[in-house]
Amino acid sequence: MSLSAKDKEAVKALWAKISGKADDVGHDALSRMLVVYPQTKTYFSHWKDLSPGSAPVRKHGKTVMSGVAEAVSKIDDLTSGLLTLSELHAFQLRVDPANFKILSHNILVVLATLFPNDFTPEAHVAMDKFLTAVSLALSEKYR
Amino acid sequence: MVEWTDFERTTIQDIFSKMNYDVVGQQALARCLIVYPWTQRYFGNFGNLYNAAAIMGNPMVAAHGKVVLHGLDRAVKNMDNIKAAYAELSVLHSEKLHLLGDCLTIVVAAQLGAGFTPEVQAAFQKFLAVVVSSLRRQYH
């Protein structure tokens with residue numbers, strides 16, 4: 001299920017519309033993940049405050065979304081483009097790759113709440129494929 | 001037995017009391033068929049599902065979307081025994097129902113916007129998980 005030219009265009013078009021609010025999207029998606037899937041909180045036991053709106057959640061939302069932005073710019077070769085990030089997730093963070101699906105789902109939910117008119121079914125399928133491809137690229141160095 | 005908090009009960013009743021079943025049903029099912037095209041396998045007699053526009057305009061998809069949402073109503077009205085409420089319906093349903101659940105979450109999120117807070121999302125996804133699990137019972 002690799003990204004077709006049409007998918008890439010759809011992702012870039014949607015990204016152009018949402019990139020201005022990228023930080024909010026990241027913060028909201030992360031907040032939802034921590035509330036709706038509380039098992040993910042174990043990765044952040046070093047934070048003082050895990051509630052939506054807190055400083056660490058906001059800051060980390062930004063970090064995650066800048067990763068997504070990088071992925072959009074390297075959409076033609078995600079595996080090599082995200083090599084460093086993959087090494088980070090594999091060797092240092094050791095995030096169970098199952099959690100990539102969870103965060104991706106929450107990013108899609110946030111896009112639906114913030115951009116209901118732009119997040120058409122066509123945009124949805126392209127974005128879902130893109131986030132799946134990003135997750136795969138991030139898992140590359142795991143084993 | 002599933003335990004529901006007062007917040008979860010109120011949230012679910014609230015979402016469904018305000019929902020336009022016909023619109024949301026059609027949108028969720030159409031989105032499912034577009035985003036996860038392999039689900040079209042179950043609707044071989046629905047006619048033209050060749051592209052997103054065809055799916056969005058397909059009257060059989062709209063009609064079935066309505067059926068699905070009205071079916072969900074049974075769970076909304078019997079939150080304390082969803083398993084029993086779906087005993088006969090579970091004979092008909094697929095293992096892949098959670099995909100439709102994901103699309104329903106997205107459609108409701110788009111409708112409610114900021115009102116679809118993380119806590120509301122948690123209650124809604126919990127409700128759908130119970131429904132899906134009850135409908136899959138006959139397969140195990």
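Within every chain, numbering begins at 1; the chains are lettered A, B, ... in the order of the sequence lines, protein sequences first and strands thereafter. All heavy atoms count here, side chains included; hydrogens, waters and symmetry mates do not. Owing to the predicted nature of the structure, the values given are computational and were not obtained by experimental measurement.
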Look at the side-chain heavy atoms of Ile, Leu, Val, Met, Phe, Trp and Tyr, link any pair under 4.5 Å apart, and say whether B:L72 and B:Y21 land in one connected group. yes
Heavy-atom side-chain contact between A:V35 and B:Q121 under 4.5 Å: no
So which heavy atom on A:A112 is nearest to which on B:I106, and how close? CB-O, 3.5 Å
Less than 4.5 Å to any heavy atom of chain A: does that hold for the side chain of B:Q125, its backbone, both, or neither? side chain
Go through B:A114, B:A110, B:G115 and name the one with the most non-hydrogen pairs under 4.5 angstrom from chain A. B:A110
Relative to chain B, which segment of A:L114 carries a heavy atom at a distance below 4.5 Å: side chain, backbone, both, or neither? neither
Gap separating the CD atom of B:E119 from the CZ atom of A:R32, nearest 0.5 angstrom: 9.0 Å
Between B:V108 and B:V67, is there shared hydrophobic-cluster membership here, with clusters defined by ILVMFWY side-chain heavy atoms closer than 4.5 Å? no
Looking at every heavy atom in both B:I34 and A:P121, which two are closest together, and how far apart are they? CD1-CB, 3.6 Å
Looking at B:K66, I'd like to know if its NZ atom is crowded, meaning that more than 12 non-hydrogen atoms belonging to other residues, nucleotides or ligands lie closer than 6.0 Å. no
Is there a side-chain contact between A:V125 and B:Y36 (heavy atoms, below 4.5 Å)? no
ILVMFWY network linking A:F130 to A:L85, side-chain heavy atoms under 4.5 angstrom: yes
Looking only at heavy atoms, the pair that brings A:H124 and B:C103 closest together is CE1-SG, 4.5 Å
Atom CZ of residue position A:F91 - does it have more than 12 heavy atoms of other residues, nucleotides or ligands inside 6.0 Å? yes
Does A:K141, at its NZ atom, have more than 12 non-hydrogen atoms belonging to other residues, nucleotides or ligands within less than 6.0 Å? no
Going hydrophobic residue to hydrophobic residue with side-chain gaps under 4.5 angstrom, can you get from A:L82 over to A:L136? no
How far does OG1 of B:T105 sit from CG of A:L108, to the nearest 0.5 angstrom? 11.0 Å
Residue A:F115 versus chain B: region with a heavy atom under 4.5 Å: neither
I'd like to know whether NZ of A:K12 has more than 12 heavy-atom contacts from other residues, nucleotides or ligands below 6.0 angstrom. yes
How far apart are the C-alpha atoms of A:T113 and B:L112, what are their side-chain angles, what is the distance that settles it, and do they pass the side-chain contact (heavy atoms from CB on, under 4.5 Å) test? CA-CA 7 Å; A:T113 62; B:L112 298 182; over 6 Å; no
